[in-house]
Undergrad: 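Mind looking over this structure? Questions follow.
Naming convention: chains lettered A, B, ... in sequence-line order (proteins, then strands); numbering from 1 in each chain.
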Amino acid sequence: MVTNGLTLLSLDWRTLRMNKLPGAYLDHDLFDLGALPRASNDYLGFLFSVREKFGLDDVAYAGMNPINGSIFGHVTYGDAWKTHYVQMGLHRIDPTLLKARRSIAPVDWSRLERDDDFRKVFNDASDFGISDQGLTIPVRGPFGDVGGLSVTSSLSRPEWNKLKANVIVGLQSVAVHMHDMVIRSDSLSNLLKTPNLSQREVEVLQWISAGKAQQDIADILTISYRTVEVHLRSARHKLYALTTAQAVGRAIAMGLIYPG
Amino acid sequence: MIIVIDALNKHKYPKLLDEMFKLRARVFGDRLGWEVNIVDGRERDQFDDLDPAYVIGLDDLGNVVACVRALQTTGPHMLSDVFSAILDGEPPIRSATIWESTRFCVDTKRLARGQGRNTVSYATCELMLGSLEYAQASGITDIITVIDPMMDRVLKRSNNAPYDYVGKVADMGKVPALAALLDCTDERITRLRNFAGIYHDVFIAEDEIAAAESYESFGTVNGAARVSADLEKYCDDQISESATEKEKHAALRLKAALADRIRSRSDMRA
């Protein structure tokens with residue numbers, strides 16, 4: 001799924017009647033990271049082209065590793081701010097990362113509470129000439145991976161609101177594109193290859209591995225036969241397995257369940 | 001009146017969320033007979049733990065009378081998981097600009113029949129408007145919504161028919177469910193507004209909603225908020241009933257002059 005993320009994305013657009021919609025896809029003048037050979041993925045170049053195209057001050061992407069909580073990013077900010085940000089450990093308190101990512105909608109920073117963390121980050125930021133007027137677009141991936149694309153602007157508030165309305169659809173696509181490309185890069189995707197199985201899915205697979213039939217599992221878990229089927233189907237999907245036997249094999253190989 | 005509650009502001013509205021989970025239990029468990037998990041009279045599932053956004057409709061007394069839940073289709077969501085039967089083995093739609101909406105419901109017991117405020121029809125249209133406008137302001141172009149055939153008929157009747165369906169009709173407990181597609185366009189929003197006769201901003205200011213959270217209801221305890229709602233309705237009626245441009249202009253000016261007493265705007269939009 002991760003390696004196919006981009007293919008799926010473009011297929012979706014074809015199956016839906018998107019031809020009348022404005023700015024819904026990546027425009028041609030933004031280059032497609034997926035089309036580049038993996039070794040030369042130029043994340044920063046991509047972000048600069050986004051900044052240029054949408055008329056923004058700065059563009060930053062941050063992805064979060066759900067397993068150890070580490071944050072990695074690509075930003076158009078100057079080196080001085082980058083160094084300061086990392087040295088001060090601001091990523092551990094930055095509400096534009098930590099709070100905004102829990103929204104499903106883009107979060108205008110005016111919505112974030114002006115608490116100690118916010119002031120700490122943005123008092124420092126203003127010393128580096130960075131605006132506290134901005135927007136974070138949260139991204140969620142299928143494996144519990146999360147990311148966010150943040151943009152800043154020093155336009156007047158009314159002009160900023162106007163710009164936002166014009167670019168928000170495009171920025172949504174850019175954010176997910178960037179996220180998928182970073183996640184599919186080697187270092188992180190190795191960690192993310194462990195599928196995000198629910199407790200029930202693991203239980204169902206475990207009982208199958210122990211030789212139980214679906215109706216038996218339904219009785220054991222006091223759920224319907226159909227619900228067992230639903231969990232099983234989902235587990236197969238998450239394990240990229242075509243058959244239940246294949247799913248059980250993979251789950252054992254990954255240490256998600258014990259051999260029966 | 002519509003409020004959007006998500007992970008960023010939910011700590012402010014525990015009572016509204018609790019009422020919403022109770023409404024969902026009554027609708028999906030009791031009335032529709034879906035196979036849902038109800039504990040202590042509240043219906044919750046694992047997707048409620050994934051920081052979804054809830055679009056919630058309140059009546060004029062501040063009661064939760066309608067709600068729907070939204071998730072991004074790029075991450076875990078119902079159609080990629082427990083509703084996969086609807087997709088009949090096909091991979092779920094995954095797109096940066098499509099949200100999934102689930103658990104759309106309206107309190108048919110508390111609300112009256114017929115037309116006008118505090119009716120089932122009004123609350124349904126208002127919630128759909130709130131959902132479409134919230135999505136649109138977030139850069140979302142389409143909503144894929146999991147609904148039952150009755151809600152499908154309601155959508156069609158409200159001049160808000162889905163433009164397409166995905167997958168097949170699948171059994172979810174006693175009743176079937178299906179996945180429908182709605183575009184978040186100005187055209188659809190206008191059609192719906194014209195059908196419902198709703199021309200004001202449906203979102204409520206967060207400070208006003210704090211009243212609904214703190215007190216039993218606007219009507220019995222916080223008279224000022226009730227007056228504010230009535231005042232707003234009066235202004236909106238004046239605007240919608242104005243016969244000439246001049247009348248309309250005057251009505252709009254009146255509403256603007258009373259803006260700080262009405263406070264009907266929301267800062268929920270991105």
Undergrad: Using heavy-atom distances under 4.5 Å, tell me whether A/Leu112 contacts chain B through its side chain, its backbone, both, or neither.
TA: side chain

Undergrad: What part of A/Pro138 gets closer than 4.5 Å to chain B, counting heavy atoms only: side chain, backbone, both or neither?
TA: both

Undergrad: For a side chain to side chain donor-acceptor pair (under 3.5 Å) with A/Trp109, tell me which candidate from A/Asp132, A/Thr136, A/Thr96 qualifies.
TA: A/Thr136

Undergrad: Measure A/Ser224 against the heavy atoms of chain B and call it side chain, backbone, both or neither at under 4.5 Å.
TA: side chain

Undergrad: Is it the case that B/Asn160 and B/Arg188 place a side-chain donor and acceptor less than 3.5 Å from each other?
TA: yes

Undergrad: Among A/Glu113, A/Arg140, A/Gln172, A/Arg200, which residue has the highest count of heavy-atom pairs closer than 4.5 Å to chain B?
TA: A/Arg140

Undergrad: Have a look at B/Asp48 and tell me which of B/Arg69, B/Arg103, B/Lys10 forms a salt bridge (Lys or Arg N to Asp or Glu O under 4.0 Å) with it.
TA: B/Arg69

Undergrad: What option among A/Gly141, A/Ser110, A/Ala165 has the most heavy-atom pairs under 4.5 Å with chain B?
TA: A/Gly141

Undergrad: Hey, what's the ring geometry for A/Tyr61 with A/His74, parallel, tilted or perpendicular (30° and 60° as the breaks)?
TA: parallel

Undergrad: Do B/Asp148 and B/Trp34 have side-chain atoms, one donor and one acceptor, less than 3.5 Å apart?
TA: no

